[in-house]
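To keep things clear, I will list the structure first and then write my remarks on it.
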Amino acid sequence: MLSKEQIEQIVQATIAQMNNQQTASASAPAGAAGAGNGWMFDRAEDCVDAAIAAQKKLVAMTMDQREKLIRAMRRAARENAEKLAQMAHDETGYGKVPDKIAKILLVANKTPGTEDIVPRVFTGDHGMTLVEQAPFGVIGSITPSTNPPGTVINNSISMIAGGNAVVFNPHPSATKCSQEAMRILNEAIVAAGGPMGLICCPTKPNMETSAVIMNHPKIKLLSVTGGEAVVGVAMKTGKKCIAAGPGNPPVIVDETAHIPKAAKNIVDGASFDNNVLCVAEKEVFCVNTVYDQLMSEMQKNGAWLVKGEDIDKIVRTVLINKDGKYVINRKFVGHDATYIMDASGVSYSGAPRLVIAEVPKDHPFVVVEMLMPVLGCVRCDNVDQAIDRAVEAERGCWHSALMHSTNYLNMSKAAKALNTTIFVKNGPSTAGVGFNGEGYATLTIATPTGEGLTSARSFTRARRCVLEDGFRII
Ligand code: NAD
């Protein structure tokens, strides 16, 4: 006789097989490269159609079943973390494999699931009102080259927990690793009894497919994780857009900080995954009285201090001067500090993980979002000057900022002046997205549009149902 578990396994496998067959025959146009796999199609329009069909099946499932899919996605992401991290590193050349594994495990474990979709109830003399969070349907998601599989996993969990399907347009230079993450997640969903096609993607994502997805009439919500250009394009579509834009997180260090800890935290955060994380420390403003001690402690923690002509050599190597404005040379994004110094003809000893340089407040190492382990450090007269300069460097991105201090008045002053989405005190930037820091994790931090650290709830719409004069228990 079959056990209860065995019967359940057979039922789930049969449902999965039926879902596969239905989605493939309903959505995949004959001759499409993706026909047969049910989630990857040559034409972005076909991705949207397949996602619509899958989303209808998702909302017909119970919340328990939906959470089961989320659990399966988490498990699959964990099991494949090493492989996906290696693929992302090989394909983009960015970052460090162990740090990429850590990012994938972080989002697999700490991205909220269906528990994030909390209803609200109001009761009173006039009856009862219920507010529930409903899905948008199919979401168009544009993802970056800097955290490719991590963002796919994080967005997929959040969006599907919210009852949506998603069509991704990953960065063209991170296509393979992003699509492999999607394949793994889709397989896990189907094996857990869910429909094929909740996560779709064009075979060759590019600017054209991105435009089709962003302007598709059946996509009501866009999620965009990237730099200024893509955020601008998405905002012009006239659709609701959750924009996780660029940042340039400053670190303030005042005279009350515990300097050895501050130095270690700054080096740890700024060198994590070679600084590609958008929340990572990008420049330091330190008061004069503790400045030299901070530099010396940072060097004890793996930073290499460059001076004079060596600073100029690095500028000429990793930055491009475009009509008087510096932009990063993408060949050096997310590369090791030693690689950058070798390419610049700067000598060093050992294996430093971060380059630090004392520079003025308007130096490119301060004003440009470097996305590599090169950190400009600015000597300031006092904490007020450090705060003013940090505000200027963050340039209104509303992204992230950090402070090392034990003076709560200084910390409050900085937090108010900076007005960022994330403000980390006395820790590395990684704590701001949930690594050894309280709170859930995300890799899509909606900055200009204000949703903050996105989760399932961010990808839902509030619907109100009112029952007048009745249904109360008191
Ligand atoms: P990017 O802007 O080059 O690319 C991001 C995505 O946008 C890619 O899919 C790319 O193909 C697409 N894109 C770029 N320009 C476009 C255009 N004109 N039209 C349509 N699509 C376009 O960014 P990246 O280098 O891959 O990632 C790094 C940037 O992303 C940094 O600025 C970083 O701060 C930001 N970022 C922000 C967050 C956040 O949560 N706020 C998270 C990760 C990265």
Side-chain angles (χ1 to χ4, degrees), residues 44 88 91-95 100 103 106-107 111 140-155 158 166-175 177-179 201-202 204-215 222-237 239 241-250 272-282 327-335 367-372 394-395 397-401 420-422 429-430 432-434 441-455 458:
E91 191 175 0
T92 63
Y94 297 172
K100 292 199 177 294
K103 277 199 283 192
L106 176 78
V107 291
T111 303
S141 177
I142 314 292
T143 53
S145 55
T146 45
N147 316 309
T151 309
V152 165
I153 295 161
N154 167 248
N155 279 192
S158 296
V166 50
V167 179
F168 281 109
N169 205 71
H171 196 290
S173 69
T175 300
C177 60
S178 303
Q179 287 177 338
C201 183
K204 289 197 182 105
N206 52 38
M207 291 298 159
E208 278 165 42
T209 54
S210 170
V212 171
I213 293 165
M214 283 203 206
N215 295 295
L222 300 175
S223 168
V224 172
T225 310
E228 234 161 59
V230 66
V231 168
V233 171
M235 297 254 198
K236 283 201 192 95
T237 60
K239 293 188 181 189
C241 167
I242 294 182
N248 193 33
F272 181 81
D273 211 19
N274 281 337
N275 202 276
V276 292
L277 211 57
C278 58
V279 296
E281 293 81 350
K282 296 284 189 291
V327 293
I328 43 175
N329 180 342
R330 295 202 73 104
K331 277 201 300 204
F332 295 95
V333 167
H335 279 71
V367 296
V368 177
E369 186 191 18
M370 295 290 289
L371 295 168
M372 60 187 81
E394 211 277 330
R395 58 170 194 272
C397 290
W398 286 357
H399 202 299
S400 301
T420 47
T421 304
I422 297 180
S429 53
T430 43
V433 286
T442 186
L443 290 176
T444 292
I445 302 148
T447 41
T449 51
E451 291 78 7
L453 285 88
T454 57
S455 60
S458 319

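As a basis for the values below, the full set of heavy atoms in this structure was taken, side chains included, without hydrogen atoms, waters or symmetry mates. In listed order, ligands and their atoms are each counted from 1.
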Do Asn154 and Thr442 have side-chain N/O donor and acceptor atoms under 3.5 Å apart? yes
Measuring from each atom of ligand 1, which residues have a heavy atom under 4.0 Å away? Ile142, Thr143, Pro144, Ser145, Thr146, Asn147, Asn169, Pro170, His171, Pro172, Met207, Ser210, Thr225, Gly226, Gly227, Val230, Val233, Ala244, Gly245, Pro246, Gly247, Cys278, Arg330, Glu369, His399, Leu443, Thr444, Ile445
Side chains of Thr92 and Ser145, donor plus acceptor under 3.5 Å: no
Tell me if a side-chain donor or acceptor on Glu451 pairs with a main-chain N or O of Ala243 at a distance below 3.5 Å. no
Kindly write out the residues that satisfy side chain to side chain contact (heavy atoms under 4.5 Å, CB included) with Ser455, not counting sequence neighbours, or none if the list is empty. Pro112, Asp116, Tyr440, Arg457, Ser458
Return all side-chain donor-acceptor pairs below 3.5 angstrom for residues 223-235, not counting sequence neighbours, or 'none' if the list is empty.
unit_1 : atom_1 : unit_2 : atom_2 : d
Thr225 : OG1    : Thr444 : OG1    : 3.0

Return each pair, listed once, that meets salt bridge (charged side-chain N to carboxylate O under 4.0 Å, His left out) where at least one residue sits in residues 142-151; pairs must be two or more places apart or across chains. none
